[in-house]
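Data first, discussion second: the structure below is written as structure tokens.
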Amino acid sequence: MSDLLAGLNPDQFAAVTLPSQHALILAGAGSGKTRVLTTRIAWLIQHGQANPHSVLAVTFTNKAAKEMLTRLSAMLPINTRGMWIGTFHGLCNRLLRAHYREAGLPQLFQILDSGDQLSAIKRLLKNLGVDDEKFPPRELMHFINSHKEQGIRAGEAEAWDDWTRRRVALYAEYEAQCQREGVVDFAELLLRAYELLNRNEPLRRHYQTRFSHILVDEFQDTNKLQYAWLKLLAGRGPGVLPADGAPGALGAGQAVVFAVGDDDQSIYAFRGAEVGNMRDFEREFGVLNVIRLEQNYRSHGNILDAANALIAHNRGRLGKNLWTDAGAGEPIRVFEGFTDLDEARFIVDEVRELIRDGIERDQIALLYRSNAQSRVLEHQLFSAGVPYRVHGGLRFFERQEIKHALAYLRLIANADDDTAFARVVNFPTRGIGTRSLEALQEAAHRANSSLYNAAASLSGKAGTAVGGFIRLIEKLRSETAALPLPEKVEHIIDVSGLRQHYLGEKEGGERLENLSELINAAVSFLREDGDRTAEEGGEVAAFLSHASLEAGEHQAGAGETAIQLMTVHAAKGLEFDAVFLSGLEQGLFPHENAAQERDGLEEERRLMYVAITRARKRLYLSWAQTRMLHGQTRYCAPSIFLDELPVALLSRITPVAAPTLAYGRGYGAGSQATSQTSSSGGYGQAPMAADAYGGLRIGQNVEHSRFGQGVIVAAEGGGNDARVQVNFGSAGVKWLALAYAKLTPR
DNA sequence: CCTCCGCCTGTTTTT
DNA sequence: CAGGCGGAGG
């Protein structure tokens, strides 16, 4: 226990052992952030400055929270259960479950994930007869969520035009619908918890007194509401500032806030994150201690130098320069492909080479800006027989068969949950079509009741299909009432007809497996989080929260080790021995849509910074002169980010064209870097890649989409600047840059 | 009620 | 190019 601090560098040591004052830790990529955070908690407890009960630590992802708990229990012989360590959403859920009455919610309120929220909005628009052309559900959802994330209720929202006035009205209707159904969306979870504490003084006092230390991970990703929530809990909210207000002074019922973040890794502005919270925090809390963790334990020097040089182009940074004593390492390899296919082939060739050299497959990552780019890479990996795993995409608890099964569970727990009702009232089909559903909606709307209640009172008449459904739900409710959770789930899958339905489906095999997996998930939930069930209103409610709040990434990906494919966003927080970053083209990375946004380019640059700093030993950057996008060929210029990297750190390993072409030399801009070329043959110095530019050479007949047939008469330049002179006969003689013009050999 | 066809629209994503 | 969604037809 006493060696808690062993092995910490001076800055880490200083951060961990800070006196009980607000602190901001600027933790660079790979600087041991999580370690500092957890050791700080352990140190506070060990030194009697806090007890486990009085610590609140908040993260953004379940993974980070879990990691913190694991490390903490390895450091201290304490029971981490019951400690308030979790995600913003998880902790708010906990708060609302404990005080559901005060928060104005039913005990078994359900959490809507984004898919549920979208269907709830669609249903609302339909009920109100609103034209969804004029009010696209997705847009409305964004409108509502961004208001909630700013802490703005429908009643307080500003409207400056008719359209917005209407949207505000719909926001209000949506709030009413959720309230009636007893459901809460993600943003609502935070806003409700905030309002609960803000309005209920005794409760606020209670928690302010209870938590003496608040620790925040990834502070740069907090939005306005999350920051306000933190201020409230820390006793810094409106009306609770100490009378003297001295900087850094702590009044009674105030907590010490220890915030860890990296402004250079702020990549979620598009969903409301405010980097400005870091500056505000420093000012509003009178932070006396700002500590920079700049020693990087992850990457070799060249990689770090590149990252530093790149991010230096951003303005208004808090300032930080990463360094390492690991040595310069290899140069960064830059590859320029003729097409996206060339690029993918190169990457897969290199990957195989790395594997042959003994690098573990799961230590190799293929990163890209947008998901659409994974396709070519996947195709090449597949043909080469290299096992790979794509991150992102559909998660376990988001699969339709899982959502269906859970909807039955939800409906049994809370009959007012119209989202759940609408999802399964006719699934598996039981003859309840659009007509009957519309009648139900109508009746429910008129009686201001839930669909379920409307259905129950309507179906009294005859042996209708709707009546059958109601009886099914009643039957399920009574039959499963006494069963433990996993058996409940199993019984529901059987009796609802879901199993039968998927048995009869051609492609139903995987879905059936997933349904069995759901039963397993219920078993392991009870085993791992069984202690949560009491405070959250029983097994079912706790399991349903778990399903909504933890999408269940861990369910997939077991088995053999594989190459990791993911977006740069998804790679944040991870590290790999070798990283390939592809698609470094203007319009793709930086993405063209970013240009429209305020400081969009800077956010893209931070994204690039995140990508670079994922690599430990080897980093590849690549781009393609032409790329298939949306079904047509795009001519691409290299990303400006490539120009922002010091040439001396780079080694160009672009295929050299046939010797007959003049531009076949001089790619290695960095002199000593050039000597270290790719380990796989075929690229680099040897002139063997004659067809790398599609077999172009002087005298070659080519075709151009606008100028028609022609013949290459001269060539000059290299890399991005490679140009050829083509005689198009009647269309004239033209110089064409290979980076832009598409020439097909004939 | 289900299925098929054609249109349309394509960032990033955790909770 | 592709997948998702909505409308029309069986």
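In the text below, chain A, chain B and the rest are named by the order of the sequence lines, each starting its count at 1. The figures that follow rest on heavy atoms only: side chains count, while hydrogens, waters and symmetry mates do not.
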To the nearest Å, how far apart are A:Glu597 CD and B:dT12 P? 13 Å
Is A:Gln117 touching bases, backbone alone, or none of the nucleic acid, heavy atoms closer than 4.0 Å? nothing
Who passes side chain to side chain donor-acceptor pair (under 3.5 Å) against A:Arg634, sequence neighbours left out? A:Glu592
Below 4.0 angstrom, N of the basic side chain to O of the carboxylate: do A:Arg369 and A:Glu604 qualify? yes
Residue among A:Glu274, A:Glu218, A:Glu602, A:Gln220 satisfying side-chain contact (heavy atoms from CB on, under 4.5 Å) with A:Ser266: A:Gln220
Using a 4.0 Å heavy-atom cut-off, does A:Ser548 contact any base of the nucleic acid, only the sugar-phosphate backbone, or nothing at all? nothing
Carboxylate-amine/guanidinium proximity below 4.0 Å for A:Arg410 and A:Asp418: no
First encountered from the 5' end of DNA chain B, between A:Ser436 and A:His630: A:Ser436
Applying a 4.0 Å non-hydrogen cut-off, can you work out what A:Ile432 is touching in the nucleic acid: base, sugar-phosphate, or nothing? sugar-phosphate
N or O in side chain of A:Asn593 less than 4.0 angstrom from B:dT12 OP1/OP2: no
Which label fits A:Phe211 and A:Tyr207: parallel for a plane angle under 30°, tilted from 30 to 60°, or perpendicular past 60°? parallel
The contact string for nucleotides 2-10 of chain C, one letter per nucleotide 5' to 3', using protein heavy atoms under 4.0 Å with B, S and - for base, sugar-phosphate only and none, comes out as S--------
Rounded interatomic separation in angstrom, taking CZ from A:Arg606 and P from B:dT12: 18 Å
d(CD, A:Glu592; P, B:dT12) in whole Å: 12 Å
Using a strict 4.0 Å threshold on nitrogen-to-oxygen distance, state whether A:Arg606 and A:Asp264 make a salt bridge. no
Side-chain N or O of A:Asn371 versus OP1/OP2 of B:dT12: is the shortest distance under 4.0 Å? yes
Taking C:dG3 as the reference, what is the distance to B:dT14 when you measure between their C1' atoms (whole Å, please)? 24 Å
Side chain of A:His569 only, heavy atoms from C-beta on: which candidate in B:dT12, B:dT11, B:dT14 is closest? B:dT12
How are the rings of A:His404 and A:Phe427 set relative to one another: parallel (under 30°), tilted (30 to 60°) or perpendicular (over 60°)? parallel
Determine whether a donor-acceptor pair (one donor, one acceptor, N or O, separation below 3.5 Å) exists between the side chain of A:Arg369 and the base of B:dT12. yes
Quick note, A:Thr61 side chain, CB onward, closest among B:dT13, B:dT15, B:dC1 is B:dT15
Does the ring of A:Phe270 lie flat against the base of B:dT12, closer than 5.5 Å centre to centre with planes under 30°? yes
Using a strict threshold of under 4.0 Å (side-chain N to carboxylate O), is an ion pair present between A:Lys33 and A:Asp262? no
Rounded to the nearest Å, what distance is computed from the CZ atom of residue A:Phe186 to the C1' atom of nucleotide B:dT15? 4 Å
Assert: residue with more 5' nearest nucleotide on DNA chain B, out of A:Thr429 and A:Glu603, is A:Thr429
Would A:His89 count as stacked on B:dT15 if the rule is ring centres under 5.5 Å and plane angle under 30°? no
What nucleotide, of B:dT15, B:dT14, B:dT11, holds the atom closest to the side chain of A:Arg271? B:dT14
Just to verify, what does A:Gln500 make a side chain to side chain donor-acceptor pair (under 3.5 Å) with, not counting sequence neighbours? none
Would you indicate which nucleotide in B:dC1, B:dT11, B:dT15 comes nearest to any side-chain atom of A:Asn426? B:dC1
Phosphate contact (B:dT13 OP1 or OP2) by A:Thr567 side-chain N/O below 4.0 Å: yes
Check the phosphate of B:dC1 against A:Arg430, side-chain N and O only, distance under 4.0 Å to OP1 or OP2. Yes or no? no
Select base, sugar-phosphate, or nothing to describe what A:Gln596 touches, counting heavy atoms under 4.0 Å on all strands. nothing
Let me know the distance between OH of A:Tyr268 and P of B:dT11, rounded to the nearest Å. 16 Å
In whole angstroms, the gap separating C1' of B:dT12 from NE2 of A:His142 amounts to 12 Å
